[in-house]
Undergrad: 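So that we are looking at the same thing, I have put the structure below in structure tokens.
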Amino acid sequence: MPKITPFRSIRPTPGLAPRIAALPYDVYNRREALAEVAREPYSFLRIDRAETQFPGHVDTYDPRVYSRARELLDSLILEGTFVIEETPSYYIYELTMETPSHKARSQTGIVACSSIDDYLDGHIKKHENTREEKELDRIRHVDVTNAHTGPIFLIYRSQEEISRLVAAAKAQEPLYHFTSPDNITHRVWRVSDPGTLSRLEEAFGQIPCTYIADGHHRCASAVKVGLKRRQEHPGYTGREEFNRFLSVLFPDDQLTIMPYNRVARDLNGMGEEEFLGAVKKAGFSIEKKGTKRVSPGKKGTFGMYLSGCWYLLTAREGLRCAHPVKGLDVSILQDHLLEPVLGIKDPRTDNRIDFVGGIRGLGELERRAAEDMAIAFSMYPTSISELLGVADEGLLMPPKSTWFEPKLRSGLFIHRLS
């Protein structure tokens, strides 16, 4: 059973929390991170992406970058911008998203520390592979700052007792309540009552496992730093903070996955008519839609945007199957169109393909196809049940299969390793 524990959070003072809270470090490229820090000097990106504090010629992964992140964090604690809780606590974290194209939707998670042993033993299940080179940056960041600054987004199967305890905590006055520039409303409650802490831990003890929704690389990095600290402290007891990592756990019935769309740089040397013929031969029916944007309404269908025209693709029955991975729409597109027709064999490494989160809308696909790509595909989103099913089978999804919104903020909760 996965074990969660309360922790002594380092957190911003309430008045500065709206300015400090930042989107995850990997949402931005370096140029965008610089622009965000220039817009909001208190943004936690100063620490999560400390290369923003150096001239452009300094490499993102220069050792000085990580040292600077540690200096900034320590100085903000010293000056009182961040405070350290005196007693271990859980936090209830509610995010409410409402945009012109999306009706209001809330999800409420529990901020807690999860166990690196649960990850190693498979009680925290993953659905994506990680790449070592992407882990190294966060390994260095966690190790040098001696802190987990960005929480791992975990899922648990909804449980009545946990829901009841969370609802009771939300009846109190929130610690934080603000709306971020992307129109996400954030509310946070602190839970420090010993009885409630105990009941939450007991309730999670009834859950067989949790699942990584977002943050596979951050999670793997946190675990590797924990193992490194164990080697450095051979007499460790298991109670040390480096045996745990920062997480926010959400019930599965409150979450929605958005599509993760694809754009490709060229048609693999084919003209348009030849390409369309190859798509039909690969097992897809094609319906021309003109300028009407195509957002797929069911599994097995795909929007395709080419030369200013939208098409609806439908995978024929022979391409569909009940296999947890091969039956995913992202797999059908990859296995039967992107690889055999466009020649994109490994979407993890091929620079002819890029991925566009569904929150950016179909207009972003049109823009990319007009500016730096040749063709775009809009996807029907992977479901929560599909994600859990893949993880339960011990299988892995193709890269960029899920896009979760709203994104958790970094800087609201920090967990020190020692």
Side-chain angles (χ1 to χ4, degrees), residues 24 26-29 126-137 212-220 257-270 275 278-279 281-284 294 296 299-306 311 313 315 319-321 323-362 364-369 371-383 386-387 389-391 393-405:
D26 52 358
V27 168
Y28 301 93
N29 60 33
K126 61 183 181 179
H127 66 267
E128 284 185 7
N129 265 328
T130 57
R131 292 168 59 182
E132 185 178 7
E133 65 271 22
K134 291 188 69 175
E135 292 177 18
L136 288 176
D137 167 52
I212 301 175
D214 199 7
H216 281 78
H217 286 91
R218 277 174 283 146
C219 191
I257 300 176
M258 299 185 75
Y260 217 147
N261 300 315
R262 276 82 168 124
V263 289
R265 197 171 302 280
D266 56 63
L267 299 183
N268 200 23
M270 291 179 279
F275 168 74
V279 171
K281 188 175 180 180
F284 296 86
V294 177
K299 277 181 62 63
T301 61
F302 310 83
M304 184 174 75
Y305 184 71
L306 175 65
Y311 300 84
L313 307 186
L319 304 190
R320 307 181 202 181
C321 67
H323 188 274
V325 175
K326 293 186 180 297
L328 296 173
D329 278 10
V330 288
S331 296
I332 292 171
L333 187 71
Q334 175 62 38
D335 295 344
H336 300 285
L337 197 160
L338 296 180
E339 180 173 351
V341 179
L342 291 180
I344 298 169
K345 299 183 184 302
D346 188 350
R348 287 184 175 84
T349 58
D350 197 321
N351 62 12
R352 294 174 55 234
I353 189 171
D354 200 4
F355 306 88
V356 180
I359 194 68
R360 294 181 179 269
L362 299 181
E364 177 68 5
L365 297 185
E366 293 178 344
R367 185 189 71 80
R368 292 294 302 276
E371 292 183 3
D372 64 331
M373 295 288 180
I375 188 169
F377 298 92
S378 58
M379 309 293 296
Y380 186 73
T382 303
S383 70
E386 286 175 324
L387 183 156
V390 168
E393 292 291 331
L395 301 173
L396 300 173
M397 289 184 175
K400 311 298 185 183
S401 294
T402 57
W403 181 276
F404 283 90
E405 285 286 345

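Model, not experiment: these values are computed from the prediction. All residue numbers refer to positions in the sequence shown, counting from 1.
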Undergrad: Measure the spacing between CG of Leu313 and CZ of Phe377 and express it to the nearest 0.5 Å.
TA: 6.5 Å

Undergrad: Which heavy atom in Met270 sits nearest to a heavy atom in Val341, and how many Å separate them?
TA: CE-O, 3.3 Å

Undergrad: Roughly how far apart are Ile257 CD1 and Trp403 CH2, rounded to 0.5 Å?
TA: 13.0 Å

Undergrad: Do Val279 and Tyr311 come close enough that some side-chain heavy atom pair is under 4.5 Å?
TA: no

Undergrad: Walk me through it: do Leu396 and Val390 pass the test side chain to side chain contact (heavy atoms under 4.5 Å, CB included)?
TA: CA-CA 6 Å; Leu396 300 173; Val390 168; 5.6 Å; no

Undergrad: Any non-hydrogen side-chain atom of Ile353 less than 4.5 Å from a side-chain atom of Leu342?
TA: no

Undergrad: Do side-chain atoms of Arg320 reach the backbone of Ala315 as a donor and acceptor pair under 3.5 angstrom?
TA: yes

Undergrad: Considering non-hydrogen atoms only, spot the tightest contact between Gly343 and Asn268 and give its length.
TA: N-ND2, 3.7 Å

Undergrad: Rounded to the nearest 0.5 Å, what's the gap from CD1 on Ile344 to CG on Asp350? Could you check?
TA: 5.5 Å

Undergrad: Do Pro398 and Gln334 touch side chain to side chain, with heavy atoms closer than 4.5 Å?
TA: no

Undergrad: Please check if the side chain of Glu366 supplies one atom and the backbone of Ala376 the other of a donor-acceptor pair under 3.5 Å.
TA: no

Undergrad: Can you check whether His216's main-chain N or O pairs, donor with acceptor, with Arg218's side chain at less than 3.5 Å?
TA: no

Undergrad: Which heavy-atom pair separates Thr382 from Leu387 by the least distance, and what is that distance?
TA: CG2-N, 4.5 Å

Undergrad: Could you check whether Arg352 pairs with Asp266 (Lys NZ or Arg NE/NH1/NH2 to Asp/Glu carboxylate O, under 4.0 Å)?
TA: yes

Undergrad: If we only count heavy atoms from C-beta on, is the Leu306 to Phe275 side-chain gap below 4.5 Å?
TA: yes

Undergrad: Taking only residues two or more places apart in sequence, or in another chain, which ones meet Arg360 in a side-chain hydrogen bond (donor to acceptor under 3.5 Å, both in side chains)?
TA: none

Undergrad: Would you name the heavy atoms of Glu386 and Pro381 that are closest together and state the gap between them?
TA: OE1-O, 4.5 Å

Undergrad: Mind listing the closest non-hydrogen atom pair of Pro296 and Phe302 along with its distance?
TA: CG-CA, 3.8 Å

Undergrad: With heavy-atom distances below 4.5 Å as the criterion, would you say the side chains of Arg348 and Asn129 are in contact?
TA: yes

Undergrad: Quick check: closest heavy atoms across Glu128 and Ser401, and the distance to 0.1 Å?
TA: OE2-N, 4.4 Å

Undergrad: Can you find a pair of side-chain heavy atoms, one from Val330 and one from Met397, that are under 4.5 Å apart?
TA: no

Undergrad: CE of Met304 to CG of Leu365: how many Å apart, nearest 0.5 Å?
TA: 13.0 Å

Undergrad: Does NZ in Lys299 sit with more than 12 non-hydrogen atoms of other residues, nucleotides or ligands closer than 6.0 Å?
TA: yes

Undergrad: Got a second to check how far Thr402's OG1 is from His127's NE2, nearest 0.5 Å?
TA: 4.0 Å

Undergrad: Under 3.5 Å, side chain of Asn261 to main-chain N/O of Met379, donor-acceptor pair present?
TA: yes

